[in-house]
Enquirer: 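Following this message is one structure expressed as structure tokens.
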Amino acid sequence: MVQALQGRVAGVDVTAQSGKPGAGMRIRGVGTINNSDPLYVVDGFQTGDIGFLAPTDIESMEILKDASATAIYGSRGANGVVLITTKRGKAGEPKFSLQTYVASQQAWRHLSLLNATQYATLTLEAYDNDGAVIDKEVSTIAGFVKAGNYRGTDWQKELLQSAPMQQYSLNMMGGTETNRYSLTGTYIDQEGIVLNSGLKKAFVRFNGDLKISNWLKGGFSLSYVNSRSTFFDAGSLQSAIAVDPVTPAIDPVTGTWARSYFPDNQNPAQLVDEVKNNVNRNNLINANAYLDAEVLKGLTLRTQFGSNLSFGNTKSYYPKFFISTKENREQSNLNESRGQGTSWMWTNTATYQRDFGKHSVTGLLGYEIQNGASSNISISAYNVPVDTDLWYVSSAQGTGINAARVNSSQGSGSLMSYFGRVNYGFDRRYLLTATLRYDGSSKFLPASRWGVFPSFAGSWNISEEAFMKALPVVNQLKLRAGWGQVGNQNAAGDYGYVTRVIGGNLYVFNGQVVEGFSPKDGSNPELQWETTTQTNVGLDAAFLSNRLSLNADFFIKKTTDMILRAPVHAGYGAPNVNAGSMENKGVELSLNYRDQVGGLRYGLGAIFTKINNRVTSLGGGAPLNGTEQRGASLTRTEVGREIATFYGLQTDGIFNTLDELTAYTKGGPAIQPNARIGDVKFMDLNGDGKITADDRTYLGSATPDFTYAFTSKLSFKSIDLNLFFQGIQGNEIISTAYQGLTNSNGIANSLTERLDRWTLDNPDTDQPRMTFRDPNQNSQFSDRFVKNGSYLRLYAAADNLLTFTNYVGFDPEIGDGQYGNTLDYGIDIGTYPQARTCRVGLNLNF
């Protein structure tokens, strides 16, 4: 549902986190190192989770981006607001609609990996180049494979499949002038393109609207969702592209899983087979009701109450097995967790609207309170029998801490708000808006709990001026400007102002092992709101009888008091403090043209978004590091650059001759003393005569130069043709998968481009030599593994029908931190690939 907005709205970045269902949304860029998720408002009910909505429930969606528009939603609207209206009944005879489709999904790309013979050739060469002693069994097997020119196992084919998908939705709506209803049921069954991954989801939704009297009306919505999914272990795909192609999936002698002859990777087929025991079940209930009372002419009172209730459980079982001394599990492992969450919101508003000749005034006052709570308990039990009927914690056959481990967590939070808005309009030409929001959050102590957030906006409808009437070619010309501040409480944890303790620590007292607790991080009683301040200037125009339309916006979005760990701290975990700031500047353009020639109707559209992101303060502290690899972080967030820039060594080709190698000094010892001809040349940027972590530098980032999209719609009688292009330009991606698949030691499998490795007979290449020991560390992180992530995609009755990109991995669309951390934005770990999906559907109305 969120992915349906991808490329449709300027300033809205929708990125699939992987090929699995789901996507992340960013409105006008990443605004903080913390939570940048937008707020969803469904029929007036505010929520951060729209999992209770089926795609067919949606009537319309609208994006609020600038601070003046989002200010009325307070702290939850700091990252933008998505307004969703669901389908509701209309007066008249009952009407039924059936929407269904079946689809086929395939991975749109398979990596070009070495076959068994190519792999054996490079492996033997790596040992030979180093003069290393090779294991006799490995030498025999590799020599046999090379002599026989065998292709071996294609592990991608072993794990990836052509997967079906189907969806059915039946809707009934109707009613009278006083009682309208809509009832929808939807079922989705989607198998994953990776074996043993998939999703089944059933939705039921009822909307009702009542006209109780001439001055009183109300309505309610009730949704229930049940889902069952397999939670996928990304390790199986990473293993599939790394394990040698010599090894078969099944050992022909034992008839069970085969052991890899070369690397220490687990058998990918065995890993993906175990995934079928990983089941995630969830239930979600959403209820929302409202009453509107027009107590006086122009004065309407409204009360609305909504609630979410979710409860679910996950269960996974990993059986005891033995393939070899290096690949086995000595005891089975059963993991089970159960959790539930509740949230509710009660909103009360009074709205007064009055026209005085050419003057129009609308005022709104409101009070709102919301609360959320969650709890979870998880248990890991060991030595549980393989019989599925005994997959219960009580079946564990171990004793003491070897029988089971228990963890639990819980949290709660509440928000109280007072708000008001005044709109003033004059003669349809001038409009002024002022909003004030007063929010109080339980995430802060009383002294810092409340925040005041104002906003102002105005527009000038130039096309309504008398001097514009002489230009009939101009149908609309409106100039907009706004300024506003919104607090972001989502950036803070539930108890960031206190010292938290964690359990699971084992201690020995009097010879006995006991479990205890220790501090996790420090407290900060002065922790307060992050604040987002946004300035926006825009232009709306329409020409040629509204056939041509243009929307343009320029904005500056600043986040201050950004919450981060204290830059100066000693002892256990640093406390959270308001010490950072960030800025986004951007331009958004949208251009559309529609017309009709005879019976042919057509429309063309384009959007363009450019956002410059910059960290402006980290409180005087050191740069923030992302995930580490070999003791060094891959990303760095520092003042003056965009968030999560890539940071590593810079290279200068390959040492092709002995003269090049010996000449690489600073008048003293060799800069790379362990290098040989055919190795990678790393740049000594600080000039100290050696290659160290201090030579790391900026290598780009995942922040694009711009994003764009094109649409084309043609319609003739009952025939439609819609084409949609969506693209991103100027972003880079760290491909850790490519890093592993261009290894020098020949242990893990490689891309076929490694066949072009450096040799005495092939010196003109950018691929280093094969070396088993790799003393030069050719595979350490450097600019060699930072790749262009630009792409252009075509959608036409199919998802990902064509993708144009130079990226080397499974997919160039990389989510917001695949390690689960915004500071790792743009790192591709070889995750679940996206599918090319072709659909055939049927819509019936009766």
Side-chain angles (χ1 to χ4, degrees), residues 1-15 17 22-42 44-50 53 58 60-85 415 417 419 421 433 435 437 439 453-455 457 480 482-491 529-538 551-560 562 582-590 607 609-613 643 703-704 707 709 815-816 822 825:
M1 182 165 24
V2 172
Q3 283 180 287
L5 291 172
Q6 189 175 45
R8 308 288 184 176
V9 182
V12 177
D13 178 24
V14 177
T15 304
Q17 304 298 335
M25 180 187 291
R26 293 291 178 264
I27 296 177
R28 290 187 167 174
V30 177
T32 173
I33 65 170
N34 302 297
N35 190 322
S36 290
D37 294 337
L39 171 69
Y40 299 93
V41 181
V42 181
F45 175 67
Q46 301 175 28
T47 179
D49 179 13
I50 54 175
L53 285 179
I58 307 298
S60 65
M61 299 177 73
E62 180 184 358
I63 309 295
L64 304 182
K65 295 179 289 186
D66 66 84
S68 175
T70 63
I72 199 67
Y73 296 101
S75 67
R76 301 189 69 182
N79 298 308
V81 179
V82 181
L83 300 180
I84 299 175
T85 302
L415 182 70
S417 306
F419 53 90
R421 169 176 283 176
T433 300
T435 305
R437 180 100 181 188
D439 287 323
F453 306 105
S455 73
R480 299 175 279 105
W483 175 93
Q485 290 185 330
V486 183
N488 183 14
Q489 65 142 8
N490 293 334
W529 298 83
E530 281 191 0
T531 300
T532 298
T533 303
Q534 192 169 175
T535 302
N536 190 95
V537 178
N551 302 98
D553 282 272
F554 171 76
F555 68 89
I556 300 175
K557 180 180 177 181
K558 297 181 179 181
T559 299
T560 55
M562 188 167 66
M582 186 179 295
E583 179 182 87
N584 286 327
K585 290 182 179 180
V587 176
E588 302 164 353
L589 300 173
S590 178
I607 68 168
T609 303
K610 180 176 178 59
I611 299 176
N612 293 325
N613 172 260
I643 190 171
T703 302
T707 61
D816 182 11
T822 303
Y825 179 41

Enquirer: Which heavy atom in A552 sits nearest to a heavy atom in L589, and how many Å separate them?
Expert: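 Between these two residues, the closest heavy atoms are CB-CD2, 3.5 Å.
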
Enquirer: Please name all residues satisfying side-chain contact (heavy atoms from CB on, under 4.5 Å) with S455, sequence neighbours left out, ordered by chain then number.
Expert: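 Here the qualifying residues are S68, A71, T435.
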
Enquirer: Could you grab the distance from atom CD of Q534 to atom NZ of K558, nearest 0.5 Å is fine?
Expert: 12.0 Å

Enquirer: For the NZ atom on K610, are there more than 12 heavy atoms of other groups (residues, nucleotides or ligands in this structure) within a distance under 6.0 Å?
Expert: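 Enclosed: over 12 neighbouring heavy atoms sit under 6.0 Å from NZ of K610.
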
Enquirer: Does a side chain donor of either N612 or N584 reach within less than 3.5 Å of an acceptor in the other side chain?
Expert: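 No, because no side-chain N or O of N612 sits under 3.5 Å from a partner of the opposite role on N584.
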
Enquirer: Hydrogens and angles aside, do T433 and R421 bring a side-chain donor and acceptor to less than 3.5 Å of each other?
Expert: no

Enquirer: How long is the span from the CD atom in E583 to the OG1 atom in T560, to the nearest 0.5 Å?
Expert: 11.5 Å

Enquirer: Can you give me the closest heavy-atom contact between W529 and N488, atom names plus distance?
Expert: CE3-N, 3.9 Å

Enquirer: Would Q485 and T533 count as having a side-chain donor-acceptor pair, cut-off 3.5 Å?
Expert: yes

Enquirer: Could you measure the distance from the CD atom of E530 to the OG1 atom of T559? Nearest 0.5 Å is fine.
Expert: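 The CD atom of E530 sits 6.5 Å away from the OG1 atom of T559.
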
Enquirer: Could you go step by step and tell me if L415 and Q489 meet the side chain to side chain contact (heavy atoms under 4.5 Å, CB included) rule?
Expert: CA-CA 9 Å; L415 182 70; Q489 65 142 8; 4.1 Å; yes

Enquirer: Any sub-3.5 Å donor-acceptor pair from N613's side-chain atoms to I643's backbone N or O?
Expert: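 Such a contact is found between N613 side chain and I643 backbone.
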
Enquirer: Could you verify whether a donor N or O on one side chain and an acceptor N or O on the other, from D439 and S417, lie under 3.5 Å apart?
Expert: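 Distance-only check passes for D439 and S417.
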
Enquirer: Specify the closest pair of heavy atoms between F555 and V587, including all atoms of both residues, with the distance to one decimal.
Expert: CE2-N, 4.3 Å

